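Counting starts at 1 for both ligands and their atoms, following the listed order. When reading the values below, keep in mind they use all heavy atoms of this one structure, side chains included, and skip hydrogens, waters and symmetry mates. In this chain, numbering begins with 1 at the start of the sequence shown. Quantities reported herein were computed from a predicted structural model and do not represent experimental measurements.
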Amino acid sequence: MHDRILHHLAYSQGRGAEFATTFDWRMAVSHTVRDLMTQTWIDAFRAARDQGAKRVYYLSMEFLIGRILDDAIINLRLEKPMDEALGMLGLNKQEILDDEPDAALGNGGLGRLAACFMESLSSLSCPAFGFGIRYEHGLFRQRFEGGQQVESPEDWLNQPHPWEFVKIDYSYTVGFKGHVERIGGRSVWHPGESVIARAYDTPVIGWGGHWANTLRLWGAHPTTLLDLHRFNAGDHTAAAEPEALARTLSRVLYPDDTTDAGKELRLKQEYFLTSASLQDILRRFFQEYSDLEMLPDKVAIQLNDTHPAIAGPELIRLLMDDHGLAFEKARDLARGVLNYTNHTLMPEALERWSTWLMGRVLPRHMQIIQMIDDDHRRTSGRPPHVGIIQHDQVLMGELAFVMASRVNGVSALHTELVKNTVFADLHRLHPDRIVNQTNGVTPRRWMRLANPGLARLLDDTIGEGWTTDLDRLRALEPHADDAAFRESLSGVKRANKVWLSNGLLAGLGVRADPDAIFDVQIKRIHEYKRQLLNILEAIALWKRIHDDPKGDWTPRIKIFGGKAAPGYWLAKSVIHLINDVAATINGDPVTAKFLQIAYPSNYNVSMAEDLIPAADLSEQISTAGKEASGTGNMKFTLNGALTVGTLDGANVEIRDLVGPENFFLFGLTAEKAAAEAATPGHARHAIEQSEDLKTALHLIAEGRFGRAENYYHLLDRTWNDDPFLVASDFDAYFATQRRIDAAYRDSAAWDRMAALNIARAGFFSSDRTIRGYMKDIWQARPVVI
Ligand SMILES: *Cc1c(COP(=O)(O)O)cnc(C)c1O
């Protein structure tokens with residue numbers, strides 16, 4: 001191994017060892033590791049083709065991958081030889097790993113799910129491609145100035161990316177705008193603009209190095225480099241226009257996952273991903289087969305949310321206009337391969353495009369969408385208020401539903417709500433189409449990589465088999481009653497807490513006692529996720545401690561992490577408030593040893609890997625009915641944190657599995673929450689009932705945490721509107737937190753609960769989720785080399 005590293009240092013980096021920087025060493029190590037996965041990758045590709053396997057294509061606008069190097073080392077089982085090699089070279093492994101920028105091509109849960117799925121597809125040797133966009137700038141970097149979020153562009157491709165292979169022969173033209181002409185009974189689209197989509201492939205190695213799939217990210221390139229004609233005529237700006245269009249298409253990730261921007265560039269990005277991917281899928285199909293009838297036997301396509309929902313019309317277009325099929329045939333084939341995952345019920349997140357914009361950017365697709373809608377009206381006997389085109393808007397959820405074989409929700413509760421709310425009418429017409437696939441996370445990254453101490457303890461206690469068969473964690477159950485095992489488990493947790501205290505938290509100037517409860521809420525900042533509820537509880541608790549500093553309080557450190565969408569003002573004032581409250585509370589000598597607040601900036605996958613293993617308490621406190629599933633909740637449970645949570649998303653299943661006695665439940669149910677939100681004056685009424693909440697709000701209004709004016713809007717909304725029921729759930733939340741304070745003091749009982757949470761959470765492996773998709777949605781099978 002150490003020869004290979006030195007080889008790459010010389011021949012890939014062009015450096016002698018005595019001149020090499022950390023970056024040079026990381027490149028050399030990464031190329032060494034990449035070499036060791038490449039043969040598997042090629043063999044897997046060949047085996048899938050030789051066996052005529054059905055291929056799965058996962059289309060997603062986001063892949064929130066994080067770092068690749070350590071994940072590859074672990075999956076290839078190279079930890080020992082790599083440690084030895086780096087030891088011989090006198091290198092610090094952690095320093096090399098930390099040099100890698102996070103691949104942050106996603107906003108949050110949806111993109112991280114796609115990344116976990118890619119890893120599980122490879123670990124299960126299911127032949128698959130992930131298709132996405134190679135954004136030059138991933139999710140923005142966050143820093144705080146005066147407690148407020150400031151964004152700056154992320155720049156991961158400013159340095160060589162050692163994992164990818166450029167496939168310049170896999171390039172496709174993607175058109176926009178222009179007009180449609182009828183020639184001899186066929187429609188011909190003459191785009192007014194076009195770009196080239198070029199494939200950049202990253203191998204994704206599965207556990208044990210037995211299989212690797214491809215993450216194929218499309219980069220946009222100009223069709224003509226320069227309009228020489230215009231350039232020579234002196235119009236230098238116009239001459240560079242084709243290049244400018246191409247560059248913007250794959251330049252930045254849209255930084256908001258919960259509201260639909262409705263912007264032309266976003267529609268173009270979505271079509272760019274979809275068209276390039278479908279052209280590639282058809283090219284690959286025709287390499288092996290000539291009869292399009294076989295398409296549904298050989299291809300399964302998953303649409304991750306509606307972002308690639310233009311796939312229905314695009315596939316019909318390719319089959320009709322390029323391959324001469326009749327509409328009905330093209331429709332049946334398209335529906336035979338397409339499936340759609342719904343991720344949200346919130347109206348502001350449901351994508352819709354004006355027919356005007358759709359018709360201008362994608363004129364041929366607008367015609368086909370009209371045909372799909374007319375056809376569905378005729379064939380389904382739907383009522384008049386149901387349809388894809390409504391009030392001059394194209395509803396992408398309806399389009400995806402109508403064009404899919406299967407539509408899935410992402411947790412049991414969410415799937416029921418999908419059936420009863422957003423798609424109630426379509427569900428009545430197509431009662432077999434909606435299925436559930438509860439999300440999961442990969443235990444390789446979220447346990448082995450993030451928490452090596454826990455992985456070692458599990459290996460020693462129940463063997464390594466849990467890594468690929470997470471249900472085997474059940475074998476831990478009897479050990480929960482074994483004091484020696486509990487001691488080891490809490491020892492692992494404590495070591496993780498110490499490591500976090502000495503690293504990240506010390507860097508923030510927060511004095512974190514490793515014996516305090518580490519109470520963690522990390523996720524995008526959004527009203528429905530209710531970081532506001534958490535920080536209000538902190539204020540109320542602080543006030544109580546302050547008034548009774550001799551009291552027997554359980555020390556707690558509250559840790560927040562997360563970014564707000566740049567235009568989401570309320571979320572940004574919550575960030576400001578958390579930082580202002582932290583400054584006041586952390587600076588109070590009276591309460592310092594009982595309560596501290598830490599908010600490290602720029603939350604990302606790598607930070608999650610550091611925080612989750614050190615958490616005692618997982619905050620999953622969204623308004624019931626609003627979080628589709630959550631996956632952060634699963635990562636915490638698998639790392640032995642207990643959950644304080646509402647009956648929302650996958651929390652419901654987590655609680656059922658770990659047992660209600662091992663889960664801190666509070667708050668209104670989805671049904672009660674909907675009724676409460678519809679009750680006039682609910683917030684004011686709830687605040688007036690709660691001394692603690694009233695006090696907390698008054699302290700903010702008095703300017704105890706920075707200038708009160710900064711929070712008038714937030715306070716006004718909490719008193720008068722409060723659509724996410726912070727006030728209505730406050731007292732239940734506060735009381736539950738005090739129960740937690742008491743429970744934490746009985747460390748044997750707490751550790752037993754933590755052990756049982758781990759033992760019973762095997763269901764939340766993304767391997768289980770992918771097996772579900774393979775069986776119920778894709779009809780795909782694993783392949784052996
Ligand atoms: C898991 C994860 C998420 C999703 O967290 P939720 O709590 O489910 O919203 C978001 N961002 C990162 C970096 C993650 O690792």
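Annotation: cation-pi geometry not satisfied between Lys626 and Tyr528 (NZ/CZ under 6.0 angstrom from ring centroid, within 45° of ring axis).
Under the 4.0 Å criterion applied to side-chain N and carboxylate O atoms, Lys672 and Asp729 are not assigned as salt-bridge partners. For Arg67 and Glu609, the salt-bridge test fails: no basic side-chain N is under 4.0 Å from an acidic carboxylate O. Using a 4.0 Å cut-off between charged nitrogen and carboxylate oxygen, Glu627 and Arg530 do not count as a salt-bridge pair. The pair Lys497-Asp616 meets the salt-bridge criterion, with a side-chain N (NZ, NE, NH1 or NH2) lying under 4.0 Å from an Asp/Glu carboxylate O.
A 6.0 Å sphere centred on CD of Glu671 holds no more than 12 heavy atoms belonging to other residues, nucleotides or ligands. The environment of CH2 in Trp156 is crowded: more than 12 heavy-atom neighbours from other residues, nucleotides or ligands sit within 6.0 Å.
For the side-chain contact (heavy atoms from CB on, under 4.5 Å) test with Arg444, the passing option among Cys116, Ser123, Ser122 is Ser123; the others fail. Results of the side-chain hydrogen bond (donor to acceptor under 3.5 Å, both in side chains) test with Lys523 over Gln620, Gln531, Glu619 single out Gln620 as the only residue that passes.
Less than 4.0 angstrom separates some heavy atom of Tyr603 from each of these atoms of ligand 1: 11 (N), 12 (C), 13 (C), 14 (C), 15 (O). Near Gly630, with a cut-off below 4.0 Å to any heavy atom, the atoms of ligand 1 are 8 (O). Listed by atom number, the atoms of ligand 1 under 4.0 Å from Thr631 heavy atoms are 1 (C), 4 (C), 8 (O). Taking every heavy atom of Asn604 and a limit of under 4.0 angstrom, the matching atoms of ligand 1 come to 13 (C). Against a heavy-atom cut-off of under 4.0 Å, Gly108 is close to the following atoms of ligand 1: 10 (C), 11 (N). Those atoms of ligand 1 that come under 4.0 Å of a heavy atom in Gly109, given as number and element, are 3 (C), 4 (C), 10 (C). For ligand 1 and Trp446, the ligand atoms under 4.0 Å from any heavy atom of the residue are 15 (O).
Looking at ligand 1, you won't find any N or O of Asn633 less than 3.5 Å from one of its N or O atoms. Residue contacts with ligand 1: Val605 is placed with no nitrogen or oxygen under 3.5 Å of a nitrogen or oxygen of the ligand (distance criterion only).
Residue Phe636 does not touch ligand 1, judged by heavy-atom distances below 4.0 Å.
At least one heavy atom of Lys529 sits closer than 4.0 Å to an atom of ligand 1.
Of all protein heavy atoms, the one closest to atom 5 (O) of ligand 1 is Gly632 N, 3.8 Å.
Considering Arg112, Lys523, Lys635 only, the shortest heavy-atom separation from atom 14 (C) of ligand 1 involves Lys635.
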